[in-house]
Novice: 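There's a structure below that I have some questions on.
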Amino acid sequence: MSDKYEKVAVLGVNFTKITNRELLEQLKTDSLNHSNRFVITANPEIVLYARDNPEYLAIIKSADYTTADGIGIIKGANILKTPLPERVTGFDTLCSLLEFADKEQKSVYFLGAKPETIKKTIAKVRHEYPALKIAGYHDGYFKDAQEVTAEIKVSNPDFVFVALGFPKQEFFIAKYRQLTASIWMGVGGSFDVLAGTVKRAPLFWQKHHIEWLYRLFQEPSRFWRMLALPKYLIMVFLEKFGLLKD
């Protein structure tokens, strides 16, 4: 694990105090050095889940970089008077790393999403990043991980992007990351955005930190999941005043 960067604790989860540019440059260096790295991009929902699941919290602690993917994390850190520099989202990091892989002719393994989505993702990657080497890919609907992990081990990619959703993707990476000297990163629903099956919020919504609201309009079924944010903020204020019980 890299100890180069300061950590900021938000409700028991340690976030890496790092900017988008710093993370990208660090991961480029790690990749060129063939270092094994584990990246988690965590939002308030993940923080709450980690508080209730010690095994998952331990996995987050084992990651090399845990970034603030969500304005709620930035606001929480500010409330606790331990600010983080900026949001470092999984999707933006993924796209930057794909550009790097294309430039350096690096290899990438893609795992996750529905069968039709992963196929569209691979087609998009082949079109947008023609010099990038696709080490392999598999949808997220597998019963036995052995076939997938064997393919990853043999292909020995520079990057492994896992889109199984939390906490499944983090458990998968923690269990199998030592198979290859790769940059391993959970990317949630990013393949859906790459494939075009889900639209990312326009820049206006992103800049005003209401990307979550745009996504709710797209997927009203996410409403109950969105309730994690007010619960999270209440817990942050309780933590601030020393009223939060473990």
Side-chain angles (χ1 to χ4, degrees), residues 20-21 23-24 27-28 31 37-43 45-46 65 67-71 87-142 148 151-152 155 157-170 172-173 177 180 182-207 209-219 221-222 225:
N20 283 280
R21 180 183 290 274
L23 178 66
L24 182 58
L27 291 176
K28 287 179 180 178
S31 180
R37 293 289 184 260
F38 179 9
V39 184
I40 294 177
T41 61
N43 59 20
E45 194 176 4
I46 285 177
Y65 312 108
T67 72
D69 188 347
I71 191 61
R87 287 179 65 200
V88 182
T89 71
F91 184 76
D92 290 329
T93 302
L94 169 64
C95 291
S96 295
L97 291 176
L98 290 176
E99 290 177 11
F100 169 71
D102 184 57
K103 182 180 178 181
E104 298 292 331
Q105 297 185 358
K106 292 277 189 177
S107 61
V108 181
Y109 192 96
F110 299 83
L111 174 63
K114 295 177 180 179
E116 59 271 24
T117 300
I118 189 68
K119 288 177 182 177
K120 288 180 181 178
T121 298
I122 296 302
K124 176 74 175 292
V125 169
R126 282 179 173 147
H127 177 72
E128 297 287 338
Y129 311 100
L132 178 155
K133 298 175 183 176
I134 297 174
Y137 64 92
H138 200 289
D139 63 69
Y141 293 81
F142 55 89
V148 175
E151 190 174 26
I152 293 173
S155 62
D158 296 296
F159 296 91
V160 182
F161 296 125
V162 185
L164 300 177
F166 92 91
K168 188 176 179 181
Q169 62 193 19
E170 285 78 34
F172 181 92
I173 294 172
R177 63 178 288 199
T180 59
S182 312
I183 307 296
W184 294 71
M185 178 175 159
V187 296
S190 293
F191 291 175
D192 293 285
V193 180
L194 274 179
T197 55
V198 171
K199 289 184 179 180
R200 194 180 185 191
L203 204 55
F204 173 86
W205 298 69
Q206 294 179 43
K207 285 185 175 181
H209 308 304
I210 50 174
E211 198 170 354
W212 59 271
L213 184 59
Y214 182 88
R215 193 166 182 187
L216 182 59
F217 287 148
Q218 279 194 302
E219 302 175 71
S221 60
R222 294 179 63 87
R225 289 181 61 182

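Along the sequence shown, residues are numbered consecutively beginning with 1.
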Novice: Would you compute the distance between atom NZ of Lys28 and atom CG of Leu23 and round it to the nearest 0.5 angstrom?
Specialist: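 Answer for the NZ-CG pair, Lys28 versus Leu23, is 11.0 Å.
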Novice: CD1 of Ile173 to OG of Ser182: how many Å apart, nearest 0.5 Å?
Specialist: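 Interatomic distance, Ile173 CD1 to Ser182 OG, rounded to 0.5 Å: 10.5 Å.
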Novice: Side chain of Asn43, backbone of Gly70: donor and acceptor closer than 3.5 Å?
Specialist: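 Absent.
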Novice: If you round to the nearest 0.5 Å, how far is CG of Leu94 from CG of Leu194?
Specialist: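 Interatomic distance, Leu194 CG to Leu94 CG, rounded to 0.5 Å: 5.5 Å.
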Novice: Considering non-hydrogen atoms only, spot the tightest contact between Gln169 and Leu164 and give its length.
Specialist: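 Residues Gln169 and Leu164, closest heavy atoms: OE1-N, 3.3 Å.
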Novice: Looking only at non-hydrogen atoms, find the nearest pair between Phe161 and Leu98 and report the distance.
Specialist: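 Heavy-atom minimum between the residues: CE1-CD2, 4.0 Å.
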Novice: Does a side chain donor of either Asp158 or Ser31 reach within less than 3.5 Å of an acceptor in the other side chain?
Specialist: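 Their side chains do not contain a donor-acceptor pair, so the 3.5 Å distance test is not met.
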Novice: Between CZ of Phe100 and NZ of Lys106, what distance do you get to the nearest 0.5 Å?
Specialist: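 Rounded to the nearest 0.5 Å, the CZ-NZ separation comes out at 5.5 Å.
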Novice: On a heavy-atom basis, which atom in Val108 and which in Ala101 lie closest, and how many Å separate them?
Specialist: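 For Val108 versus Ala101, the nearest heavy atoms are CG2-CB, 4.0 Å.
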Novice: If we ignore hydrogens and angles and just use 3.5 Å, is the side chain of Thr41 paired with the main-chain N or O of Thr67 as donor and acceptor?
Specialist: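 Judged by distance alone, no pair lies under 3.5 Å.
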Novice: Would you compute the distance between atom CG of Leu132 and atom CZ of Phe159 and round it to the nearest 0.5 angstrom?
Specialist: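 CZ of Phe159 is found 9.0 Å from CG of Leu132.
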Novice: To the nearest 0.5 angstrom, please state how far the CZ atom of Arg126 sits from the CD1 atom of Ile134.
Specialist: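 Between atom CZ of Arg126 and atom CD1 of Ile134 there are 4.5 Å.
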Novice: Is a side-chain donor or acceptor of Asp192 paired with a backbone partner of Thr197 at a separation under 3.5 angstrom?
Specialist: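 Side chain of Asp192 to backbone of Thr197: no pair is present.
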Novice: Ring of Phe142, cation from Lys168 - is the NZ or CZ under 6.0 Å from the centre and inside 45° of the axis?
Specialist: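 Judged by the rule (NZ or CZ under 6.0 Å from the ring centre, within 45° of its axis), Lys168 counts as positioned above Phe142.
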Novice: Got Glu170 and Phe38 here, is their nearest side-chain heavy-atom distance under 4.5 Å?
Specialist: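 A side-chain contact under 4.5 Å exists here.
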Novice: Please report the C-alpha distance between Val88 and Thr93 in whole Å, then the side-chain angles of each, then the deciding distance to 0.1 Å, and finally whether the side chain to side chain contact (heavy atoms under 4.5 Å, CB included) criterion is met.
Specialist: CA-CA 7 Å; Val88 182; Thr93 302; 3.8 Å; yes
Novice: Please answer whether the main-chain N or O of Ala113 pairs with a side-chain N or O of Thr117 as donor and acceptor at a distance below 3.5 Å.
Specialist: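 Answer holds: no.
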